[in-house]
There are 2 protein chains.
Amino acid sequence: MVEKEKQILAAALQLFVAFGFHGTPTSKIAAQAGVSNGTLFHYFKTKEELIIALYNDTKADMSAYLSAQINGQDRLELRIRKSYIHSLYWALENREKFYYIQQVHFSPHVASIPPEVIAAQTEFHLGLLREGIQAEVLRPLPVELLFTLVSSHVHGLYQYLTASAFTADHRKTVIEESFVLLWDMIRK
Amino acid sequence: MVEKEKQILAAALQLFVAFGFHGTPTSKIAAQAGVSNGTLFHYFKTKEELIIALYNDTKADMSAYLSAQINGQDRLELRIRKSYIHSLYWALENREKFYYIQQVHFSPHVASIPPEVIAAQTEFHLGLLREGIQAEVLRPLPVELLFTLVSSHVHGLYQYLTASAFTADHRKTVIEESFVLLWDMIRK
DNA sequence: ACTTTTGTAGAGTGATTAGTCAATCGAAGC
DNA sequence: GCTTCGATTGACTAATCACTCTACAAAAGT
């Protein structure tokens with residue numbers, strides 16, 4: 001049954017986010033997932049392996065969502081716009097997952113993730129930006145700089161939107177207006 | 001002796017950043033600080049208290065540095081500019097401390113920090129921005145939005161500058177150019 | 001049918017660790 | 001010199017937790 005594996009991952013996500021890595025014993029994860037202690041270790045050899053598997057699973061989830069939203073036929077600005085806006089939508093709809101990714105990044109467990117795995121995940125976004133520079137749509141800055149400017153914009157907006165309770169409508173407005181600010185900053 | 005307390009905080013900073021909260025036992029902190037196990041618990045009743053004390057100490061350090069750099073007589077744009085640039089300089093010169101602040105933010109320990117303590121620390125920056133909006137120097141956006149846009153810009157730049165090894169000169173150029181981008185985004 | 005593999009359970013274990021405590025030390029005041 | 005009291009020590013404890021192991025059940029394969 002792959003079912004149990006998913007249950008374990010779901011339970012781990014909830015508990016890790018709520019209580020941190022140290023604060024959630026494997027026994028509690030197993031209990032919350034409705035499986036025995038031994039079963040957890042049948043699917044994940046160590047707690048560390050579970051932490052990393054959950055990270056990969058979460059990242060894959062986000063990537064899949066983004067890919068589904070963006071149409072390769074659209075013109076570049078629209079693709080960048082969609083990539084920005086839907087990153088935010090995904091984050092807002094999957095707050096635990098979005099938080100978990102950052103939680104892993106600020107923990108010693110990042111060291112266990114092969115750099116090429118992390119690189120692969122940003123490749124899509126870097127590609128978009130590279131295309132923009134080449135087409136002289138975006139400022140001729142280093143791609144990595146553009147990339148961090150855009151990602152931190154996303155993180156900032158996320159923080160702003162989750163700090164207060166806005167209506168879905170107002171959220172949409174803020175997100176779209178914030179893209180205009182971002183776009184004016186990076187466009188040629 | 002206040003000396004020992006400082007030694008413990010310094011040791012804790014190094015170890016927490018290198019191995020995470022769970023990964024560093026209090027015994028190792030005491031050893032690295034050159035004091036006994038009991039002494040550590042004489043100064044900090046619990047490990048949690050040590051974590052929080054280190055957080056406050058670090059934040060105070062940053063605030064003191066920033067206050068010293070900014071002259072209340074300067075005109076607003078210069079004060080904002082200095083606040084941006086020196087935040088980055090401090091972060092680059094105190095990477096462990098800067099990292100630690102974020103590490104705490106993505107851990108369950110944030111919950112133990114009274115919200116008003118966190119608020120007090122952002123009050124200075126919010127004040128600058130409020131002044132800018134009132135003087136019609138900055139766009140009439142919600143201050144909190146402006147604030148997160150600026151802070152995430154700082155974080156993004158920090159990440160970019162630490163990911164690769166640049167000369168001090170080149171770093172200075174990038175920081176100054178990035179402020180222009182930011183300023184164009186937020187100014188009226 | 002029967003053998004093999006795979007999944008599941010949960011009690012058990014060895015190691016680790018936060019925090020305690022009783023004993024000493026040393027400086028300051030008298 | 002004596003007393004007091006905070007600082008300091010490090011052995012100790014009680015609890016926790018990651019992980020193992022044995023036993024059993026259920027599929028899958030033949």
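Proteins get letters first, then strands, A, B, ... in listed order; numbering begins at 1 in each.
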Using whole Å, what does the distance between atom [atom2] of nucleotide [N] and atom [atom1] of [X] come to?
{"X": "A:His42", "N": "D:dA18", "atom1": "NE2", "atom2": "P", "value": "19 Å"}
{"X": "B:Ile51", "N": "C:dT17", "atom1": "CD1", "atom2": "P", "value": "14 Å"}
{"X": "B:Glu3", "N": "D:dG6", "atom1": "CD", "atom2": "C1'", "value": "18 Å"}
{"X": "A:Phe16", "N": "D:dC17", "atom1": "CZ", "atom2": "P", "value": "13 Å"}
{"X": "B:Leu50", "N": "C:dT17", "atom1": "CG", "atom2": "P", "value": "16 Å"}
{"X": "B:Leu40", "N": "C:dT20", "atom1": "CG", "atom2": "P", "value": "12 Å"}
{"X": "A:Lys47", "N": "D:dT20", "atom1": "NZ", "atom2": "C1'", "value": "17 Å"}
{"X": "B:Glu5", "N": "D:dT8", "atom1": "CD", "atom2": "C1'", "value": "15 Å"}

**OP:** Take atom CD of B:Glu49 as the centre, draw a 6.0 Å sphere, and report whether it contains more than 12 heavy atoms from other residues, nucleotides or ligands.
**Re:**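 Check passes, neighbour count above 12.
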Subject >> Distance flag, aromatic centroids of A:Phe166 and A:Tyr160, threshold under 6.0 Å >> reply: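 Between A:Tyr160 and A:Phe166, the centre distance is under 6.0 Å.
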Subject >> A:Phe21 and A:His109 aromatic centres sub-6.0 Å >> reply: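 When the ring centroids of A:Phe21 and A:His109 are compared, they turn out to be within the sub-6.0 Å range.
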Original post:
Counting just side-chain N and O atoms, does B:Lys4 come under 4.0 Å of either OP1 or OP2 of D:dT8?
Top reply: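 Looking at the OP1 and OP2 atoms of D:dT8, one of them is under 4.0 Å from a side-chain N or O of B:Lys4.
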Subject >> Short side-chain N/O contact from A:Thr26 to OP1 or OP2 of D:dC17, under 4.0 Å >> reply: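 For D:dC17, neither OP1 nor OP2 has a side-chain N or O of A:Thr26 closer than 4.0 Å.
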**OP:** Return the residues of residues 31-39 of chain B meeting this criterion: a heavy atom under 4.0 Å from some atom of DNA chain D. Order them by number, or give none.
**Re:**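 Correct list: B:Val35, B:Ser36, B:Gly38, B:Thr39.
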Restricting to nitrogen or oxygen on both sides, can you table the protein-nucleotides 3-5 of chain C pairs closer than 3.5 Å?
none

Original post:
Within the side chain of A:Lys28, is there an N or O that forms a donor-acceptor pair under 3.5 Å with the backbone of A:Gly23?
Top reply: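 No, the answer is negative, given that no donor and acceptor are paired below the 3.5 Å cut-off.
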Original post:
Checking A:His42 side chain against A:Gly38 main chain: does a donor-acceptor pair fall under 3.5 Å?
Top reply: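 Judged by distance alone, no pair lies under 3.5 Å.
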Considering only [options], which nucleotide approaches the side chain of [X] most closely?
{"X": "A:Pro25", "options": "D:dC17, C:dT20, C:dG7", "value": "D:dC17"}
{"X": "B:Tyr43", "options": "C:dT8, D:dC19, D:dA7", "value": "D:dA7"}
{"X": "A:Phe41", "options": "C:dG19, C:dA18, D:dC19", "value": "D:dC19"}

[Y] and [X], any side-chain heavy atoms less than 4.5 Å apart:
{"X": "B:Glu176", "Y": "B:Val180", "result": "no"}
{"X": "B:Met185", "Y": "A:Asp184", "result": "no"}
{"X": "A:Trp183", "Y": "A:Ile186", "result": "yes"}
{"X": "A:Ser152", "Y": "B:Gln159", "result": "no"}

